[in-house]
Amino acid sequence: MKQRIGKIQTILITTMVALNALAASALPQTTDQESMKDMPILRPQKTYVVTGKEDWSALTGFGTKTAEITMMNLMMIGGSGMEHMSMRTDRASSAPETVSPSPNGQQVRATITPNPPKVGQNQLDLFISGPDGKPLSGLKLQATVEMTNMDMGVAHPTVEEVEPGHYVVKPTFSMLGPWRVRVVDAGVSGKFHSDFLFDVGSKTPWSQPQPWHVELTQPLDKPQIGKNTLVFRVLNPQGEPVKGAKVEVSVTMTSMNMGTAHPKVVEKDGVYSTQVEFTMLGPWRVTLRIAPPNAKPFVQNFDFEVKAE
(Lines give C-alpha, C1' and ligand atoms only; values in the text may rest on other atoms or scores of the structure.)
Protein backbone atom coordinates (compact mmCIF):
# COMPACT_ATOMS: atom_id res chain seq x y z
CA MET A 1 0.00 0.00 0.00
CA LYS A 2 2.81 2.35 0.91
CA GLN A 3 4.60 1.58 -2.36
CA ARG A 4 1.48 2.50 -4.39
CA ILE A 5 1.09 5.84 -2.57
CA GLY A 6 4.77 6.58 -3.18
CA LYS A 7 4.42 5.84 -6.93
CA ILE A 8 1.28 8.05 -7.19
CA GLN A 9 3.09 10.97 -5.46
CA THR A 10 6.04 10.58 -7.83
CA ILE A 11 3.74 10.64 -10.87
CA LEU A 12 1.92 13.77 -9.63
CA ILE A 13 5.15 15.68 -8.96
CA THR A 14 6.54 14.70 -12.36
CA THR A 15 3.33 15.83 -14.08
CA MET A 16 3.34 19.22 -12.29
CA VAL A 17 6.96 19.90 -13.24
CA ALA A 18 6.22 19.07 -16.86
CA LEU A 19 3.16 21.34 -16.96
CA ASN A 20 5.13 24.24 -15.48
CA ALA A 21 7.90 23.81 -18.04
CA LEU A 22 5.35 23.71 -20.85
CA ALA A 23 3.64 26.89 -19.61
CA ALA A 24 6.94 28.72 -19.34
CA SER A 25 7.93 27.77 -22.89
CA ALA A 26 4.61 29.10 -24.19
CA LEU A 27 5.23 32.60 -22.75
CA PRO A 28 6.89 35.20 -25.04
CA GLN A 29 10.59 35.58 -24.30
CA THR A 30 11.20 39.30 -23.84
CA THR A 31 13.87 41.29 -22.13
CA ASP A 32 13.15 43.76 -19.30
CA GLN A 33 13.72 46.69 -21.67
CA GLU A 34 11.25 45.31 -24.22
CA SER A 35 8.62 44.64 -21.57
CA MET A 36 8.89 48.28 -20.33
CA LYS A 37 7.75 49.45 -23.76
CA ASP A 38 4.46 47.67 -23.24
CA MET A 39 3.84 49.35 -19.88
CA PRO A 40 0.95 51.85 -19.96
CA ILE A 41 1.92 55.53 -19.75
CA LEU A 42 0.05 57.44 -17.05
CA ARG A 43 -0.71 61.01 -18.01
CA PRO A 44 -2.17 63.66 -15.63
CA GLN A 45 -5.77 64.57 -16.36
CA LYS A 46 -5.37 68.08 -14.94
CA THR A 47 -2.47 70.28 -13.86
CA TYR A 48 -2.75 72.40 -10.72
CA VAL A 49 -0.65 75.52 -10.17
CA VAL A 50 0.02 76.60 -6.58
CA THR A 51 0.06 80.41 -6.40
CA GLY A 52 0.72 80.76 -2.69
CA LYS A 53 -2.53 82.69 -2.17
CA GLU A 54 -4.73 79.67 -1.58
CA ASP A 55 -7.01 79.66 1.45
CA TRP A 56 -6.12 76.13 2.57
CA SER A 57 -8.61 76.29 5.45
CA ALA A 58 -11.36 76.58 2.83
CA LEU A 59 -9.96 73.76 0.67
CA THR A 60 -9.58 71.05 3.32
CA GLY A 61 -12.15 69.01 5.21
CA PHE A 62 -15.49 70.78 4.97
CA GLY A 63 -13.81 74.08 4.13
CA THR A 64 -15.16 77.14 5.90
CA LYS A 65 -18.11 75.05 7.15
CA THR A 66 -15.93 72.73 9.24
CA ALA A 67 -16.93 74.36 12.53
CA GLU A 68 -20.64 74.24 11.66
CA ILE A 69 -20.38 70.56 10.67
CA THR A 70 -18.66 69.82 14.00
CA MET A 71 -21.50 71.52 15.84
CA MET A 72 -24.10 69.57 13.82
CA ASN A 73 -22.41 66.31 14.80
CA LEU A 74 -22.63 67.32 18.46
CA MET A 75 -26.32 68.12 17.99
CA MET A 76 -26.97 64.74 16.38
CA ILE A 77 -25.25 62.98 19.26
CA GLY A 78 -26.81 65.04 22.02
CA GLY A 79 -30.28 65.40 20.55
CA SER A 80 -32.29 68.27 19.09
CA GLY A 81 -32.21 70.09 22.41
CA MET A 82 -28.71 71.40 21.55
CA GLU A 83 -29.69 73.55 18.56
CA HIS A 84 -29.83 76.69 20.70
CA MET A 85 -27.16 75.69 23.17
CA SER A 86 -25.17 78.66 24.40
CA MET A 87 -21.98 78.63 26.42
CA ARG A 88 -22.26 82.29 27.31
CA THR A 89 -21.63 83.28 30.91
CA ASP A 90 -22.20 86.50 32.81
CA ARG A 91 -18.47 87.17 32.75
CA ALA A 92 -18.29 86.57 29.01
CA SER A 93 -21.03 89.12 28.35
CA SER A 94 -18.86 91.93 29.69
CA ALA A 95 -16.81 94.04 27.33
CA PRO A 96 -13.95 92.07 25.77
CA GLU A 97 -10.39 93.15 26.24
CA THR A 98 -7.19 92.86 24.28
CA VAL A 99 -4.99 90.66 26.45
CA SER A 100 -1.60 91.28 24.88
CA PRO A 101 -0.20 94.81 24.67
CA SER A 102 1.22 95.87 21.34
CA PRO A 103 5.00 95.44 21.39
CA ASN A 104 7.57 97.86 20.02
CA GLY A 105 5.20 100.81 20.36
CA GLN A 106 2.98 99.50 17.56
CA GLN A 107 -0.54 100.78 17.06
CA VAL A 108 -3.30 98.32 16.19
CA ARG A 109 -6.82 99.23 15.13
CA ALA A 110 -9.26 96.34 14.79
CA THR A 111 -12.82 96.06 13.44
CA ILE A 112 -15.08 93.03 13.02
CA THR A 113 -17.89 92.47 10.51
CA PRO A 114 -20.72 91.89 11.29
CA ASN A 115 -20.79 93.74 14.57
CA PRO A 116 -21.82 92.27 16.99
CA PRO A 117 -20.15 89.07 15.70
CA LYS A 118 -22.42 86.17 14.78
CA VAL A 119 -22.35 82.39 14.65
CA GLY A 120 -20.68 81.50 11.35
CA GLN A 121 -17.96 83.27 9.42
CA ASN A 122 -16.93 86.81 10.38
CA GLN A 123 -14.24 89.17 9.12
CA LEU A 124 -11.62 90.73 11.40
CA ASP A 125 -9.70 93.65 9.89
CA LEU A 126 -6.42 94.70 11.51
CA PHE A 127 -4.70 97.99 10.71
CA ILE A 128 -1.17 97.83 12.10
CA SER A 129 1.27 100.73 12.15
CA GLY A 130 4.73 101.21 13.64
CA PRO A 131 5.84 103.66 16.35
CA ASP A 132 6.17 106.31 13.64
CA GLY A 133 2.52 105.87 12.59
CA LYS A 134 3.40 104.41 9.19
CA PRO A 135 1.69 101.15 8.04
CA LEU A 136 3.64 98.08 9.10
CA SER A 137 3.76 95.87 6.01
CA GLY A 138 5.16 92.41 5.32
CA LEU A 139 4.30 90.75 8.63
CA LYS A 140 3.88 86.97 8.38
CA LEU A 141 0.81 86.75 10.57
CA GLN A 142 -0.81 83.52 11.71
CA ALA A 143 -4.16 83.25 13.49
CA THR A 144 -5.82 80.76 15.83
CA VAL A 145 -9.50 80.71 16.79
CA GLU A 146 -10.79 78.88 19.84
CA MET A 147 -13.46 79.00 22.50
CA THR A 148 -12.22 80.13 25.91
CA ASN A 149 -14.56 78.17 28.20
CA MET A 150 -14.68 74.76 26.50
CA ASP A 151 -12.71 72.66 24.03
CA MET A 152 -14.21 73.11 20.57
CA GLY A 153 -10.89 72.59 18.81
CA VAL A 154 -8.56 75.20 17.37
CA ALA A 155 -9.00 76.63 13.87
CA HIS A 156 -6.17 78.22 11.87
CA PRO A 157 -7.66 80.64 9.32
CA THR A 158 -5.28 82.36 6.96
CA VAL A 159 -4.29 86.01 7.35
CA GLU A 160 -4.00 88.07 4.17
CA GLU A 161 -2.44 91.49 3.77
CA VAL A 162 -4.80 93.28 1.36
CA GLU A 163 -3.07 96.67 1.60
CA PRO A 164 0.12 97.86 3.32
CA GLY A 165 -0.51 97.39 7.04
CA HIS A 166 -4.08 96.15 6.48
CA TYR A 167 -4.52 92.47 7.37
CA VAL A 168 -7.71 90.41 7.08
CA VAL A 169 -8.60 87.17 8.89
CA LYS A 170 -11.98 85.42 8.66
CA PRO A 171 -12.72 83.58 11.93
CA THR A 172 -15.64 81.15 12.14
CA PHE A 173 -17.54 80.92 15.42
CA SER A 174 -19.55 77.69 15.56
CA MET A 175 -21.74 78.52 18.58
CA LEU A 176 -22.72 81.25 21.02
CA GLY A 177 -20.27 82.12 23.77
CA PRO A 178 -16.80 83.57 24.42
CA TRP A 179 -14.18 83.21 21.68
CA ARG A 180 -10.57 84.29 21.28
CA VAL A 181 -8.79 85.18 18.05
CA ARG A 182 -5.02 85.22 18.57
CA VAL A 183 -2.82 86.80 15.89
CA VAL A 184 0.98 86.48 16.04
CA ASP A 185 3.86 87.29 13.74
CA ALA A 186 5.55 84.05 12.65
CA GLY A 187 8.46 85.87 11.04
CA VAL A 188 12.01 85.97 12.33
CA SER A 189 11.49 89.28 14.12
CA GLY A 190 8.17 88.29 15.71
CA LYS A 191 7.04 91.92 15.85
CA PHE A 192 3.36 91.36 16.60
CA HIS A 193 1.30 89.40 19.13
CA SER A 194 -2.24 90.26 20.17
CA ASP A 195 -5.44 88.60 21.40
CA PHE A 196 -9.00 89.65 20.57
CA LEU A 197 -11.91 88.40 22.67
CA PHE A 198 -15.48 88.25 21.35
CA ASP A 199 -18.80 87.45 23.02
CA VAL A 200 -20.76 85.80 20.21
CA GLY A 201 -24.46 86.27 20.84
CA SER A 202 -24.16 89.56 22.70
CA LYS A 203 -26.36 92.39 21.42
CA THR A 204 -23.71 94.95 22.34
CA PRO A 205 -21.49 95.98 19.40
CA TRP A 206 -17.86 95.03 19.87
CA SER A 207 -15.31 97.81 20.26
CA GLN A 208 -11.59 97.47 20.60
CA PRO A 209 -10.44 98.39 24.10
CA GLN A 210 -7.00 99.79 24.65
CA PRO A 211 -4.51 97.69 26.63
CA TRP A 212 -2.19 99.00 29.31
CA HIS A 213 0.55 100.85 27.47
CA VAL A 214 3.35 103.41 27.74
CA GLU A 215 3.25 106.79 26.07
CA LEU A 216 6.41 108.79 25.47
CA THR A 217 5.62 112.38 26.43
CA GLN A 218 8.86 113.66 24.87
CA PRO A 219 9.49 111.80 21.59
CA LEU A 220 13.13 110.82 21.16
CA ASP A 221 13.41 111.62 17.46
CA LYS A 222 17.19 112.00 17.31
CA PRO A 223 18.87 109.70 19.83
CA GLN A 224 22.57 110.41 20.30
CA ILE A 225 25.63 108.63 21.61
CA GLY A 226 25.68 109.17 25.34
CA LYS A 227 22.82 109.72 27.78
CA ASN A 228 19.30 110.38 26.49
CA THR A 229 16.32 111.33 28.66
CA LEU A 230 13.24 109.17 28.25
CA VAL A 231 10.05 110.69 29.68
CA PHE A 232 6.83 108.67 29.64
CA ARG A 233 3.47 107.96 31.24
CA VAL A 234 1.83 104.64 32.09
CA LEU A 235 -1.77 104.58 30.79
CA ASN A 236 -4.53 102.18 31.81
CA PRO A 237 -7.10 100.73 29.32
CA GLN A 238 -9.20 103.90 29.78
CA GLY A 239 -6.24 106.05 28.73
CA GLU A 240 -5.76 107.49 32.22
CA PRO A 241 -2.24 108.05 33.63
CA VAL A 242 -1.34 105.78 36.53
CA LYS A 243 0.79 106.64 39.53
CA GLY A 244 2.87 104.26 41.60
CA ALA A 245 3.76 101.74 38.90
CA LYS A 246 6.98 99.78 39.36
CA VAL A 247 9.16 100.17 36.26
CA GLU A 248 12.28 98.22 35.33
CA VAL A 249 14.36 99.39 32.36
CA SER A 250 16.71 97.34 30.16
CA VAL A 251 18.88 98.90 27.46
CA THR A 252 20.50 96.61 24.89
CA MET A 253 21.93 96.80 21.39
CA THR A 254 20.03 94.58 18.96
CA SER A 255 22.76 94.05 16.37
CA MET A 256 25.53 92.86 18.72
CA ASN A 257 26.14 92.00 22.37
CA MET A 258 27.15 95.17 24.19
CA GLY A 259 25.75 94.06 27.54
CA THR A 260 22.56 95.22 29.23
CA ALA A 261 22.16 98.39 31.28
CA HIS A 262 19.44 98.94 33.89
CA PRO A 263 19.07 102.66 34.58
CA LYS A 264 16.90 103.87 37.46
CA VAL A 265 13.44 105.39 37.01
CA VAL A 266 12.15 108.50 38.76
CA GLU A 267 8.43 109.26 39.08
CA LYS A 268 6.72 112.56 39.79
CA ASP A 269 2.91 112.85 39.71
CA GLY A 270 2.49 109.99 37.25
CA VAL A 271 5.30 111.14 34.93
CA TYR A 272 8.26 108.77 34.75
CA SER A 273 11.77 109.54 33.49
CA THR A 274 15.01 107.64 33.05
CA GLN A 275 18.45 108.20 31.54
CA VAL A 276 19.28 105.66 28.83
CA GLU A 277 22.82 105.58 27.48
CA PHE A 278 23.71 104.52 23.93
CA THR A 279 27.45 103.87 23.70
CA MET A 280 27.79 103.62 19.91
CA LEU A 281 26.03 104.06 16.60
CA GLY A 282 23.46 101.45 15.61
CA PRO A 283 20.12 99.94 16.65
CA TRP A 284 19.13 99.95 20.33
CA ARG A 285 16.14 98.63 22.27
CA VAL A 286 14.73 100.02 25.50
CA THR A 287 12.52 97.50 27.30
CA LEU A 288 10.12 98.74 29.97
CA ARG A 289 8.71 96.14 32.37
CA ILE A 290 5.71 97.75 34.03
CA ALA A 291 3.89 96.49 37.13
CA PRO A 292 0.87 98.80 37.67
CA PRO A 293 -0.85 98.79 41.07
CA ASN A 294 -3.48 96.01 41.28
CA ALA A 295 -2.96 94.98 37.66
CA LYS A 296 -0.98 92.40 35.72
CA PRO A 297 2.53 93.40 34.64
CA PHE A 298 3.21 94.02 30.96
CA VAL A 299 6.21 94.70 28.75
CA GLN A 300 6.64 97.33 26.08
CA ASN A 301 9.66 97.85 23.84
CA PHE A 302 10.92 100.97 22.09
CA ASP A 303 13.47 100.69 19.28
CA PHE A 304 15.86 103.52 18.44
CA GLU A 305 18.49 103.99 15.75
CA VAL A 306 21.52 106.07 16.72
CA LYS A 307 22.86 107.68 13.56
CA ALA A 308 25.83 109.87 12.76
CA GLU A 309 24.94 113.56 12.43
Side-chain angles (χ1 to χ4, degrees), residues 98 100-110 126-141 161 163-167 185 187-194 208-243 245-292 297-309:
T98 300
S100 303
S102 304
N104 301 333
Q106 295 168 358
Q107 302 175 24
V108 183
R109 182 168 60 88
L126 304 177
F127 302 87
I128 306 175
S129 57
D132 55 1
K134 296 181 180 180
L136 199 57
S137 182
L139 298 179
K140 297 181 180 179
L141 300 182
E161 185 176 11
E163 293 178 346
H166 179 190
Y167 300 85
D185 182 13
V188 177
S189 58
K191 293 182 178 179
F192 184 80
H193 177 183
S194 193
Q208 180 190 6
Q210 293 296 320
W212 285 85
H213 62 285
V214 173
E215 177 186 69
L216 297 181
T217 58
Q218 296 180 9
L220 194 59
D221 296 330
K222 296 181 179 180
Q224 300 177 351
I225 294 178
K227 292 185 177 181
N228 300 260
T229 302
L230 214 61
V231 182
F232 57 92
R233 296 188 302 169
V234 177
L235 303 180
N236 63 16
Q238 290 73 41
E240 302 168 340
V242 175
K243 299 179 181 180
K246 295 182 179 180
V247 183
E248 295 181 0
V249 183
S250 299
V251 183
T252 58
M253 199 171 192
T254 58
S255 60
M256 62 185 300
N257 185 8
M258 292 292 293
T260 303
H262 300 280
K264 295 182 179 181
V265 177
V266 177
E267 179 199 357
K268 184 178 181 180
D269 296 329
V271 177
Y272 302 79
S273 62
T274 183
Q275 295 286 326
V276 296
E277 184 175 5
F278 305 133
T279 57
M280 62 184 296
L281 301 177
W284 291 83
R285 172 168 295 174
V286 178
T287 300
L288 302 179
R289 293 174 173 83
I290 316 292
F298 69 94
V299 177
Q300 187 163 338
N301 297 322
F302 292 93
D303 291 332
F304 301 99
E305 181 77 22
V306 181
K307 301 179 180 179
E309 297 182 357

Checklist entry - Would you say K140 and D185 make side-chain contact, with heavy atoms under 4.5 Å? => result yes
Next on the checklist: With a 4.5 Å cut-off on side-chain heavy atoms, are L235 and P241 touching?
Outcome noted: yes
Checklist outcome for this item: Here the pair of heavy atoms bringing V306 nearest to Q224 is CG1-C, 4.0 Å
Checklist entry - Is a side-chain N or O of N236 found less than 3.5 angstrom from the main chain of W212, in a donor-acceptor match? => result no
Next on the checklist: Using only atom types and a distance under 3.5 Å, with no angle test, would you say the side chain of T274 pairs donor to acceptor with the backbone of K264?
Outcome noted: yes
Checklist entry - Any side-chain heavy atom of P283 within less than 4.5 Å of one from E305? => result yes
Item to check | Residues, nucleotides or ligands: over 12 heavy atoms within 6.0 Å of E248 CD | outcome: no
Next on the checklist: Using the side chain to side chain contact (heavy atoms under 4.5 Å, CB included) definition, which of the options T260, V299, T252 pairs with T287?
Outcome noted: V299
Checklist entry - Taking E267 for the side chain and K243 for the main chain, is one N or O donor matched with an acceptor at less than 3.5 Å? => result no
Next on the checklist: Just so I know, are the side chains of V276 and F302 near enough to count as touching, which here means a heavy-atom distance under 4.5 Å?
Outcome noted: no
Next on the checklist: Show the nearest heavy-atom pair for residues R289 and S250, with the distance to one decimal.
Outcome noted: NH1-OG, 3.1 Å
Checklist entry - Mind checking whether F232 and Y272 have parallel, tilted or perpendicular rings, split at 30° and 60°? => result parallel
Checklist entry - Looking only at atom types and distance, does a side-chain atom of H166 sit under 3.5 Å from a main-chain N or O of F127, one as donor and one as acceptor? => result no
